[in-house]
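Start at 1 and go down the list; that is how both ligands and their atoms are numbered.
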Amino acid sequence: MSTRTVAIIGAGMGGLAAGVYGRRAGLETTIFEMHDKPGGLCTAWTRQGYTFDGCIHHLAGCREGTPTHRMWEELGAMPREVLYPADLTQVETPDGKVLTVHTDLDRLEAHLLGLAPGDDRLVRRYARALRAFTRFDLFDAMTGSWSDWARLLRRAPTAMRWGRLTMRTFAERFRDPLLRQAMATIQYDWPGTPVFLHLNILAGSAVRRYGFPVGGSLRFAQAIADRYLSLGGEIRYRTKVEAILVEKGRAIGVRLGDGTEHRADAVISNATAHATLHHLLGEEYLDDKLRASFARPQDEMVMGIHVSLGLARDLASEPHAMVLWLREPAQLAERVRDRLDLELFGFDPSLAPPGKGVLKVLLDTTWSYWAELGRDRERYRAEKERLVETILRLLEPRFPGIMGQVEVSDVATPLTTERYTGVGPGFASSPQWGAMMFARPMTVLGVEGLQIVGQSAGGAGIPGCAVMGRNAVRAVG
Ligand SMILES: Cc1cc2nc3c(=O)[nH]c(=O)nc-3n(C[C@H](O)[C@H](O)[C@H](O)COP(=O)(O)OP(=O)(O)OC[C@H]3O[C@@H](n4cnc5c(N)ncnc54)[C@H](O)[C@@H]3O)c2cc1C
């Protein structure tokens with residue numbers, strides 16, 4: 001049966017990319033999005049003239065001529081103005097020590113050697129690895145063709161050498177006390193991150209493959225939605241899909257919240273894999289393997305709390321990110337923390353009124369903590385207020401006067417994210433290497449014509465989810 005019409009559930013990265021590639025392939029496509037904006041997790045929100053970005057730290061595919069950049073061009077998201085901050089992050093300790101992770105690799109090597117001359121062999125090895133990683137990119141292999149995979153495989157030994165190390169175990173190899181403490185936290189303050197991912201991002205930032213699109217995440221997603229509409233695609237916002245219709249083992253359309261049905265030759269779901277299997281299909285098609293992979297929803301919510309501050313303070317001369325070690329550990333939400341992970345958006349003046357700035361603190365948390373608090377609106381609200389107050393008190397020694405400079409504050413919790421994107425506990429429910437590496441959409445045994453795309457189906461970040469959307473169209477088209 002040839003596909004002419006496709007119903008797409010959700011205008012996240014996977015759904016938007018499926019829409020654009022579907023239209024390019026001549027398919028009639030309709031995207032149903034329950035929110036009033038495109039982008040899903042790739043989003044931002046505005047408060048009193050400030051834009052609080054909820055997503056992009058580093059976007060792959062910013063460099064012209066790379067396979068990922070070509071995909072962004074096809075999707076209408078590039079070319080665009082991109083910013084390349086001079087640092088990956090800066091670690092600061094209460095006793096005034098500073099480690100700046102410059103994206104200029106020569107400068108970084110000299111800085112590390114200056115800080116820790118006794119670690120010279122390890123520093124030089126790290127710098128060599130970074131230079132090697134400037135010559136390939138994990139995303140370009142996924143986005144490109146077999147020849148891009150071949151290029152990556154030629155470099156595999158370099159990547160493998162670092163494959164077994166995490167940022168934490170890497171940091172433990174340093175003798176210098178500052179580097180032992182700091183190196184574990186320089187990639188988004190995730191000590192469990194495999195070192196090769198860090199090398200990929202820092203080296204990619206050095207050669208401008210990775211950057212930050214001016215205006216941030218929502219503007220980036222909106223550009224793709226605009227391209228989709230210009231190709232004649234349809235998006236129905238504020239329209240929730242309640243069920244996927246299946247007849248004789250084939251997806252034949254969707255049922256909407258108002259009970260109406262929309263028939264199609266194929267369905268691409270960008271709702272989470274969990275929601276697609278458990279709610280939209282009604283559990284009927286869960287085999288043992290799928291049931292097992294969703295048996296234990298993940299409680300831990302990485303970067304689950306965003307505390308955003310609109311400040312009457314110019315942040316242009318600050319680093320673009322910071323790990324700020326505290327004088328004393330402090331209780332924030334359900335955990336005692338000894339450091340804060342900050343994003344400082346002074347590098348993109350479009351996100352704040354002139355001379356002002358946006359600062360964001362990201363905290364890991366658990367779903368269950370907020371689910372419990374959410375049962376009592378007053379306690380939930382009070383906890384969010386307490387978070388802002390405590391964070392300002394902790395920031396004051398480093399940013400004197402900040403407590404009096406807050407024009408607007410905003411706290412997004414895991415409950416906020418679920419309300420706006422449908423992404424709840426089990427954010428990445430069943431990571432499967434094949435799906436991740438080859439951006440292969442998830443399929444369901446017993447249901448032809450259904451593809452599940454996006455992060456929860458194994459999509460790796462914004463580009464990985466977009467490639468998955470492209471691959472879903474190839475599969476149903
Ligand atoms: C804090 C944070 C920082 C990140 N930083 C980066 C980064 O720097 N670089 C990077 O590459 N990636 C980053 N990511 C990851 C990236 O944002 C995600 O991988 C990607 O955006 C997920 O896209 P998706 O296709 O899974 O769709 P989602 O974002 O999950 O969107 C799904 C869409 O479907 C809609 N929907 C769901 N159910 C229904 C329904 N029943 N009916 C109608 N509509 C429905 C939702 O409203 C939503 O719009 C970050 C993520 C987070 C949370």
Side-chain angles (χ1 to χ4, degrees), residues 7-19 30-44 52-62 68 72 138-139 187-188 190 197 201 204-205 210-213 216-218 220-221 224-225 235-244 254-257 262 267-276 279-281 301-306 308 321 341 343 360 362-364 412 414 416-424 427-429 436 439 441-442 452-469 472:
I8 300 170
I9 307 167
M13 269 305 134
L16 288 171
T30 306
I31 300 180
F32 300 94
E33 167 54 53
M34 64 182 186
H35 194 30
D36 60 1
K37 290 180 186 59
L41 288 169
C42 184
T43 194
F52 295 149
D53 202 280
C55 185
I56 295 176
H57 294 76
H58 296 100
L59 179 75
C62 292
T68 311
W72 294 138
L138 301 175
F139 280 111
Q187 192 63 60
Y188 308 145
W190 289 350
L197 281 182
I201 293 173
S205 304
Y210 286 71
F212 183 89
S217 304
L218 180 58
F220 182 79
I224 302 178
I235 306 186
R236 292 204 209 156
Y237 288 112
R238 296 192 187 85
T239 306
K240 186 167 183 179
V241 170
E242 293 291 351
I244 294 170
V254 294
R255 189 169 62 247
L256 309 179
H262 177 95
V267 174
I268 296 175
S269 177
N270 191 205
T272 64
H274 182 270
T276 305
H279 306 305
L280 302 180
L281 281 174
M301 306 297 284
V302 172
M303 296 184 181
I305 307 174
H306 301 227
S308 303
D341 180 34
E343 286 182 84
K360 184 167 88 171
L362 280 164
L363 299 167
D364 294 346
T416 322
T417 303
E418 189 186 37
R419 194 163 61 249
Y420 286 102
T421 67
V423 178
F427 182 82
S429 31
M436 208 177 276
M442 193 185 259
I452 307 174
V453 299
Q455 180 161 310
S456 67
I462 296 170
C465 293
V467 188
M468 214 181 239

ask   = Any nitrogen or oxygen of M303, main chain or side chain, under 3.5 Å from a nitrogen or oxygen of ligand 1?
value = no
remark   = In short, F139 meets G464 closest at the heavy-atom pair CE2-N, 4.0 Å
query = Which atoms of ligand 1 have any heavy atom of G40 under 4.0 Å away?
reply = 29 (O), 31 (O), 48 (C), 49 (O)
query = Hey, is ligand 1 close enough to M34 that some N/O pair sits below 3.5 Å?
reply = yes
query = What's the spacing between T30 OG1 and R236 CZ if we round to 0.5 Å?
reply = 6.0 Å
key: N/O donor-acceptor pair under 3.5 Å between S456 side chain and A273 backbone   = yes
query = Any donor-acceptor pair under 3.5 Å linking the side chain of D53 with the backbone of S217?
reply = yes
query = Purely on distance, is any nitrogen or oxygen of Q455 under 3.5 Å from one on ligand 1?
reply = yes
ask   = Can you list the atoms of ligand 1 that are under 4.0 Å from a heavy atom of A271?
value = 37 (C), 38 (N)
note = So the atoms of ligand 1 within less than 4.0 Å of a heavy atom of Y420 turn out to be 47 (O)
task = Check T276 against A271 and note the closest heavy-atom contact, atom names and distance.
result = OG1-O, 3.5 Å
query = Which of the atoms of ligand 1 are close to T421, meaning less than 4.0 Å from one of its heavy atoms?
reply = 37 (C), 46 (C), 47 (O), 48 (C)
inquiry  = Apply side-chain contact (heavy atoms from CB on, under 4.5 Å) to residues L280 and V267 and explain how you reach the verdict.
reply    = CA-CA 11 Å; L280 302 180; V267 174; over 6 Å; no
query = Hey, is C55 touching ligand 1 through its side chain, its backbone, both or neither, going by heavy atoms under 4.0 Å?
reply = both
key: Nearest non-hydrogen partners of F52 and S308, listed with the distance   = CG-CB, 3.4 Å
ask   = Does any N or O atom in G15 lie less than 3.5 angstrom from one in ligand 1, N or O only?
value = no
key: Residue pair Q187, I201: steps toward the side-chain contact (heavy atoms from CB on, under 4.5 Å) verdict   = CA-CA 9 Å; Q187 192 63 60; I201 293 173; 3.8 Å; yes
request  = Search all heavy atoms of I268 against all heavy atoms of A18 and return the closest pair with its distance.
outcome  = CD1-CB, 4.0 Å
ask   = Does G459 reach ligand 1, in the sense of a heavy atom lying below 4.0 Å from it?
value = no
task = Output yes when the distance from some N or O of ligand 1 to some N or O of A460 is under 3.5 Å, and no in every other case.
result = no
inquiry  = Please determine whether any non-hydrogen atom of V453 lies less than 4.0 Å from an atom of ligand 1.
reply    = no
request  = Compute the minimum heavy-atom distance from C465 to ligand 1 and say whether it is under 4.0 Å.
outcome  = yes
query = If you measure from each non-hydrogen atom of L59 to ligand 1, which part falls under 4.0 Å: side chain, backbone, both or neither?
reply = neither
query = Is there any N or O on N270 that sits under 3.5 Å from an N or O of ligand 1?
reply = yes
inquiry  = What verdict does the side-chain contact (heavy atoms from CB on, under 4.5 Å) test give for L362 and H306, after you've listed the backbone C-alpha separation in whole Å, the side-chain angles of each residue and the deciding distance to 0.1 Å?
reply    = CA-CA 5 Å; L362 280 164; H306 301 227; 3.7 Å; yes
ask   = Looking at G454, which atoms of ligand 1 are within less than 4.0 Å of one of its heavy atoms?
value = 24 (P), 25 (O), 26 (O)
ask   = What atoms of ligand 1 come closer than 4.0 angstrom to any heavy atom of T239?
value = 43 (C)
query = Judged by non-hydrogen atoms, does H279 sit under 4.0 Å from ligand 1?
reply = no
message = For Y188, I'd like to know if atom OH has over 12 heavy atoms of other residues, nucleotides or ligands within 6.0 Å.
response = yes
key: E33 side, atom CD; R238 side, atom CZ - distance, nearest 0.5 Å   = 10.5 Å
request  = Using a strict cut-off of 4.0 Å, indicate which atoms of ligand 1 neighbour a heavy atom of P463.
outcome  = 11 (O)
note = With heavy atoms and a 4.0 Å threshold, my read on which part of V423 contacts ligand 1 is side chain
ask   = If you take all heavy atoms of C465 and M13, which pair is closest and at what distance?
value = CB-CB, 3.9 Å
inquiry  = The test is side-chain contact (heavy atoms from CB on, under 4.5 Å); show your working for L218 and T43 and say whether it passes.
reply    = CA-CA 4 Å; L218 180 58; T43 194; 4.2 Å; yes
ask   = How does H58 reach ligand 1, by side chain, by backbone, by both or by neither, if only non-hydrogen atoms under 4.0 Å count?
value = backbone
key: Best match, G469, G54, G14, G10: closest heavy atom to atom 52 (C) of ligand 1   = G54
task = Between E242 and ligand 1, find which residue part has any heavy-atom pair under 4.0 Å and reply side chain, backbone, both or neither.
result = neither
message = Can a donor-acceptor pair be found, under 3.5 Å and without considering hydrogens, that links the side chain of D364 to the backbone of M303?
response = yes
task = Check each of E33, H35, M13 against atom 48 (C) of ligand 1 and report the one with the nearest heavy atom.
result = E33
key: Proximal atoms of ligand 1 relative to H306 (non-hydrogen, under 4.0 Å)   = 1 (C)
